[in-house]
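Read the structure below first, then the notes.
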Amino acid sequence: MAVSEPSQVAGAQAAPPQREVIYRHAVVVRVTHWINVLCLTLLLMSGLRLFNYHPALYWGNYGYRGVPSVVSIGSAIDPDSGKPVGVTRIAGWSFVTTGVLGVSYDSDLADLWDHVRLRVPRGEAARRYNVLQKLAYLAVVFLLLPVMVLSGLTMSPAVTAAVPGLFDLFGGRQSARTIHFLVANLLVLFVLVHVVEVFLAGVVNGMRSMITGRYVIRPQVGP
Amino acid sequence: MSRLISRRGLLRAGSAAAGSLLLSGCDGVFESPSMRGALDFGQWVSLRVQRLLLSGQPLAREFAVADISPEFPLNGTSMPGGFAYFQMVVSQFASWRLKVDGLVRRPLSLSLDEIKALPARTQITMHNCDEGWTAIGQWTGVQLSHLLEMSELMPNVRYIVFHCLDELERTPDRSGLYYESLDLFDAFHAQTILAYGMNGQPLPVAHGAPLRLRVERQIGYKNAKYVTRIEAVETLAHVGRGKGGFWEDRGYQWYAGL
């Protein structure tokens, strides 16, 4: 299992296990990772630039200024507490969505912060990605990115002439645009969490492993 | 300091945080020469790939009357300036002529009535603005292919240029007149028509009266309004500022690849 030489352990100080370097990321993973960084950055820039020309989202095939937009995200004052709450309007229904993601107040943030900090693995657990991380990567690669590509193609009059089934898949050109925008936000959220985790786990070690492939396993602290 | 980080805040963090940071640098990045080179390469790739996808010349989806959007937003010019156009509107385009010339064996000069007497095609299609909005309208007109066959293109023709009556940018040398161009692949497509009717009515002034181009597999700005002259050319270099259209001369891609 361990790639390092066990010779050092034979020394006098047997108590603290030694710092160990493992080869964690194959060259394919590293190269595609940085291609992804470049692509996501450029596509997000061009996408947001275009979105700003008409920042409203609709459902169906047509949508323009004057047509009620299906998704709008705003805020209102809660009459009971007098505090501002987040309100998401979907197809005429208003939902108070403050706290839906569990990070509406500083105390929640503190919990989250502790939680994430506690989860940073040491020792044996640092050798692999945990189940949550794997699920997140699986969702991005096999769900979010394909939806992104297909909904993007559905916005093209040329591609939909060749593959009209895309309209039926997403429920129309404007529906595809709405989905494209929401999934783009999910990808940004994923990247934010990803970068926060890299910083928590050690940014130097993380960057080294994604550039050279080598990752340092720090010894397990405590029992 | 704000005590709230709402869902809205998070979503904003998604777009705005990245956005404000990135957007400020966007214009610079996308206008740098190396980026323009990359974008030109991207344009070439999209053109080739999409032409492969469209090699069977499929039609863009056509919709039912019930799908027509209640309104149809305006873009570009909605009332061309100048006394000449005003006179045309007043006279219901009686003196207006469509010219077909350039590299053709039989140059044409057609009145609106003569164009309406040609075989007509009616289609209900989706208009796709590059800004992101879409609208559905019904268009009636003559297929461009019909006019091109009437005028007998010479073998070296590669592009069809549409010259328009509206001046979208006022300049002393009149270089701000709207124009657009298509290659023969799109020019001869069945849904590429010169429309004089919209939603069962004569084409309104705001939508390009008396005649506008509909290219249903392309983005909005290719659909030139107020068309007055169709020119067959071998190269786009000598038309306008040489990029093939009003917006193309100002940085847009000739083939948007969308």
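Every value quoted in this text rests on a predicted model; they were computed, and no experiment measured them. Per chain, numbering begins at 1; letters A, B, ... match sequence-line order.
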(request) Return yes when atom CZ of B/Arg158 has more than 12 non-hydrogen atoms of other residues, nucleotides or ligands closer than 6.0 Å, and no otherwise. (result) no
(message) Could you check whether atom CE of B/Met79 has more than 12 heavy atoms from other residues, nucleotides or ligands sitting under 6.0 Å from it?
(response) yes
(request) Select all residues of residues 213-223 of chain B having any heavy atom within less than 4.5 Å of some heavy atom of chain A, and report them by number, or 'none'. (result) B/Glu216, B/Arg217, B/Gln218, B/Ile219
(message) Please output the residues of residues 120-131 of chain B in contact with chain A, using a heavy-atom cutoff of under 4.5 Å, in numerical order.
(response) B/Met126, B/Asn128, B/Asp130, B/Glu131
(message) Need one label for B/Leu53: side chain, backbone, both or neither, based on atoms under 4.5 Å from any heavy atom in chain A.
(response) both
(message) Using a 4.5 Å heavy-atom cutoff, which residues in residues 155-169 of chain A come close to chain B?
(response) A/Ser156, A/Pro157, A/Ala158, A/Val159, A/Ala161, A/Ala162, A/Pro164, A/Phe167, A/Asp168
Hey, can you pull the donor-acceptor pairs under 3.5 Å for the side chains in residues 192-209 of chain B, sequence neighbours left out?
{"from": "B/Thr192", "atom 1": "OG1", "to": "B/Asp186", "atom 2": "O", "distance (Å)": "2.7"}
{"from": "B/Asn199", "atom 1": "OD1", "to": "B/Gln138", "atom 2": "N", "distance (Å)": "2.8"}

(message) So which atom in B/Ile136 and which in A/Tyr62 form the shortest heavy-atom distance, rounded to 0.1 Å?
(response) CD1-CD2, 4.1 Å
(request) Would you indicate whether A/Tyr137, at its atom OH, is surrounded by more than 12 heavy atoms from other residues, nucleotides or ligands within a distance under 6.0 Å? (result) yes
(request) For B/Trp133 and A/Gly63, work out which heavy atoms get closest and say how close. (result) CB-O, 3.1 Å
(message) With a 6.0 Å cut-off (strictly less than), is the heavy-atom count around CH2 of B/Trp44, excluding the residue itself, greater than 12?
(response) no
